[in-house]
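So that we are looking at the same thing, I have put the structure below in structure tokens.
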There are 2 protein chains.
Amino acid sequence: MSTTSIKEVAKLAGVSLGTVSNVLNQPERVAEHTRRRVLDAIAQLGYVRNDSARQLRAGSSRQIAIVVLDVANPFFTDVVRGAEVEAEKHGVMVVVCNSSEDSDRERRHLDLLEEQRIRGLLITPVDDTRNSRLEQLIQRGTPVVLVDRGSGGRDRCSVAVDDVLGGRLAGEHLVATGHEHIAFVGGPMSIQQVADRHRGVTLATKGTARLSTIATPSLTVAAGRAAVAELADLPAARRPTALFCANDLLALGVLQEATKRGVRVPDDVAIVGYDDIDFAAAAAVPLSSVRQPREQLGRTAAQLLLEETEADGRHEHRHVVFQPELVVRESSTRT
Amino acid sequence: MSTTSIKEVAKLAGVSLGTVSNVLNQPERVAEHTRRRVLDAIAQLGYVRNDSARQLRAGSSRQIAIVVLDVANPFFTDVVRGAEVEAEKHGVMVVVCNSSEDSDRERRHLDLLEEQRIRGLLITPVDDTRNSRLEQLIQRGTPVVLVDRGSGGRDRCSVAVDDVLGGRLAGEHLVATGHEHIAFVGGPMSIQQVADRHRGVTLATKGTARLSTIATPSLTVAAGRAAVAELADLPAARRPTALFCANDLLALGVLQEATKRGVRVPDDVAIVGYDDIDFAAAAAVPLSSVRQPREQLGRTAAQLLLEETEADGRHEHRHVVFQPELVVRESSTRT
DNA sequence: GCGAGTCGCTGAAACGTTTCACAACCCCCG
DNA sequence: CGGGGGTTGTGAAACGTTTCAGCGACTCGC
């Protein structure tokens with residue numbers, strides 16, 4: 001067992017505890033030859049600093065956490081990567097937690113993270129309304145940045161993409177290409193992004209096209225496939241001619257299942273997704289999608305968070321909103 | 001700041017430190033009414049246990065780590081999910097670290113994790129040969145399970161898929177469908193899986209087809225696209241008629257770029273990938289691929305690890321090898 | 001040659017838990 | 001009524017670090 005402590009290093013090097021600590025933390029404060037002796041002792045004993053003890057003394061850890069809705073969603077992995085890039089610059093580690101869109105799991109993660117005195121938190125909350133656990137965390141002093149979620153008030157930063165605009169872009173595009181019955185595929189509505197995208201497409205279709213909604217229990221490929229089954233049950237006349245999916249995984253699932261059932265895309269039904277993940281362009285029918293600056297979202301979020309943790313004095317909470325961009329590909333191009 | 005400690009809880013509840021600790025850790029040992037008083041005090045003060053102190057005392061943390069080559073690769077996210085499922089059963093948290101196929105980053109992660117006295121480690125090492133940092137970690141007593149990497153000796157467990165067999169399956173399939181010049185696309189060869197898959201296809205083609213190699217610097221979509229550029233420079237006569245890619249991301253990149261350049265798949269060139277990630281089936285041309293039991297890989301790895309950490313006495317290191325399975329789709333079907 | 005300043009190092013306190021030996025009390029039995 | 005045994009609760013030690021006041025020795029300027 002790696003049970004070597006600073007004390008044994010000190011003994012071997014023939015110096016005091018404090019000196020070893022100084023070698024580790026403020027090397028310039030200790031004389032060259034002493035420092036060398038200590039470093040030799042450290043190497044010889046295979047000493048590894050105990051971070052628990054260090055944290056205990058310091059009061060907070062050197063890690064930040066990011067809690068995402070789904071690790072398997074390329075959108076979030078890109079966000080995570082962005083956050084990592086920024087964190088690395090500041091010498092802090094990122095721990096990735098997966099809520100799986102389950103608020104119980106989310107709460108458990110928050111409990112654990114708070115016990116660890118995590119330095120700060122990036123989170124896309126499962127449920128925005130009355131997330132009292134998160135409020136508690138903030139109130140007790142943990143800096144939090146909301147990711148991909150605009151509002152949230154004065155006591156925290158946030159980064160987001162204008163999802164209402166994204167929904168509108170998709171909707172306007174579909175209306176412009178002549179669709180008169182559009183369906184929004186997505187859910188649950190308790191996820192703010194889903195609600196916003198829905199609101200966007202609602203605005204775009206108001207007075208120009210009929211809009212129906214196919215609710216899904218989650219934003220996954222499997223949920224997309226299931227949604228098509230629901231659609232297929234409708235009489236042909238009541239079927240929408242275009243589908244706007246709340247994210248790309250859903251859209252890819254829809255596309256797969258539709259193709260399997262012999263429904264032609266975009267001729268029988270047009271599809272627009274959301275996120276523009278790398279796989280969207282490589283799909284069986286290249287997918288139109290609303291693009292978000294994924295990595296930048298993560299980078300900016302981490303930046304805001306680290307800025308807050310490093311500002312001893314007053315920190316001005318900010319809300320950064322990025323603009324989405326519609327990428328039209330074959331899946332929504334009328335032939 | 002959340003500076004409430006057990007001491008203040010004790011004072012408010014009118015009991016001693018030890019009693020509060022007992023309420024937290026062995027509630028059955030303290031009388032009903034005392035317990036209630038303590039719990040009330042905890043709630044009233046918003047007390048949150050300080051994990052650093054707890055760990056310091058205990059000597060090791062309640063987290064296990066998984067270090068993967070690429071968080072953005074769906075293969076690994078599935079492995080991670082498997083590990084999480086298993087970890088959750090045992091009440092331990094999984095922290096996900098991303099080496100990005102960079103051994104420096106990997107080493108830094110290992111340094112940090114060892115400082116945190118992580119309870120155990122799941123890792124797919126960047127570089128198998130002489131990974132002395134990892135050896136050191138094991139030798140000092142951190143339980144390690146190698147993921148997707150078969151060998152590794154007697155002092156650790158491992159889970160893996162037989163990559164040589166996987167490569168052979170792909171090779172035999174391409175030979176059987178009449179290809180006489182096959183190229184292996186992948187790299188770097190220092191990654192054991194890549195070398196093994198290459199060895200497998202070498203075995204399968206020995207004496208029956210010509211095999212060339214297109215080396216890539218990494219296993220990403222971008223690297224796949226770049227590989228096609230290299231191919232296109234060859235005179236037509238020297239171009240392979242089939243490509244076996246070391247993973248699906250690579251294959252999807254190859255497919256995208258080939259399509260863009262007007263190369264027809266599978267007519268002009270057949271493609272077989274590896275991993276069978278969800279997106280493989282949804283690609284522009286559905287991708288043939290060698291399937292691995294991804295989630296089970298993660299679950300089993302975590303199982304072995306937790307078994308080792310919980311076995312106070314002797315633990316028998318085991319090496320679990322799964323069999324891969326070839327899934328033939330359109331990308332390698334001669335018409 | 002003396003005070004002031006600097007440099008390098010020491011030793012103890014403090015961080016918040018868990019653990020453990022032991023004390024106080026009660027109950028029941030002989 | 002004495003003592004064994006169980007149940008509750010106590011208080012101090014220990015985990016490994018960082019920090020900080022302070023101490024000795026040396027240098028410099030006057």
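Quick note on labels: first sequence line is chain A, next is B, and so on, each numbered from 1. Being a predicted model, the structure only gives us computed values, none of them experimental.
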May I ask you to say whether Glu307(A) pairs ionically with Arg318(A), meaning some side-chain N is under 4.0 Å from a carboxylate O?
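Yes, this pair counts.
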
Salt bridge between Arg37(B) and Asp40(B), side-chain N to carboxylate O under 4.0 Å?
no

Under 3.5 Å donor-acceptor, Ser99(A) side chain and Val68(A) backbone
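Yes.
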
Would one find more than 12 heavy atoms of other residues, nucleotides or ligands at under 6.0 Å from atom CD of Glu316(B)?
no

How would you label the contact of Ser5(A) with the nucleic acid (heavy atoms, under 4.0 Å): base, sugar-phosphate, or nothing?
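Sugar-phosphate: the residue Ser5(A), judged by heavy atoms under 4.0 Å, touches backbone atoms but no base.
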
Identify whether the distance between the nearest side-chain nitrogen and carboxylate oxygen of Lys89(A) and Glu84(A) falls below 4.0 Å.
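No.
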
Taking 4.0 Å as the cut-off, does a side-chain nitrogen or oxygen of Ser16(A) come that near to OP1 or OP2 on dG11(C)?
no

Between protein and nucleotides 19-24 of chain C, map the contacts as a letter string: B base, S sugar-phosphate only, - none, heavy atoms under 4.0 Å, written 5' to 3'.
B-----

Donor-acceptor pair, side chain of Ser5(A) and main chain of Lys7(A), under 3.5 angstrom:
yes

Electrostatic pair Asp111(A)-Arg107(A), nearest N-O below 4.0 angstrom:
yes

Taking any atom under 4.0 angstrom from a heavy atom of chain A, which nucleotides of DNA chain D are the first and last to qualify, 5' to 3'?
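Result: dG16(D) to dT19(D).
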
Could you walk me through whether Gln303(A) and Val159(A) pass the side chain to side chain contact (heavy atoms under 4.5 Å, CB included) test, one step at a time?
CA-CA 10 Å; Gln303(A) 243 163 20; Val159(A) 299; over 6 Å; no

Relative to the 5' end of DNA chain D, which residue comes earlier, Thr34(B) or Ala53(B), by the nucleotide with the nearest heavy atom?
Thr34(B)

Separation of Lys7(A) atom NZ from dG11(C) atom P, in whole Å?
13 Å

Between Leu56(B) and Gly14(B), who's closer to the 5' end of DNA chain D by nearest nucleotide?
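Nearer the 5' end of the strand: Gly14(B).
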
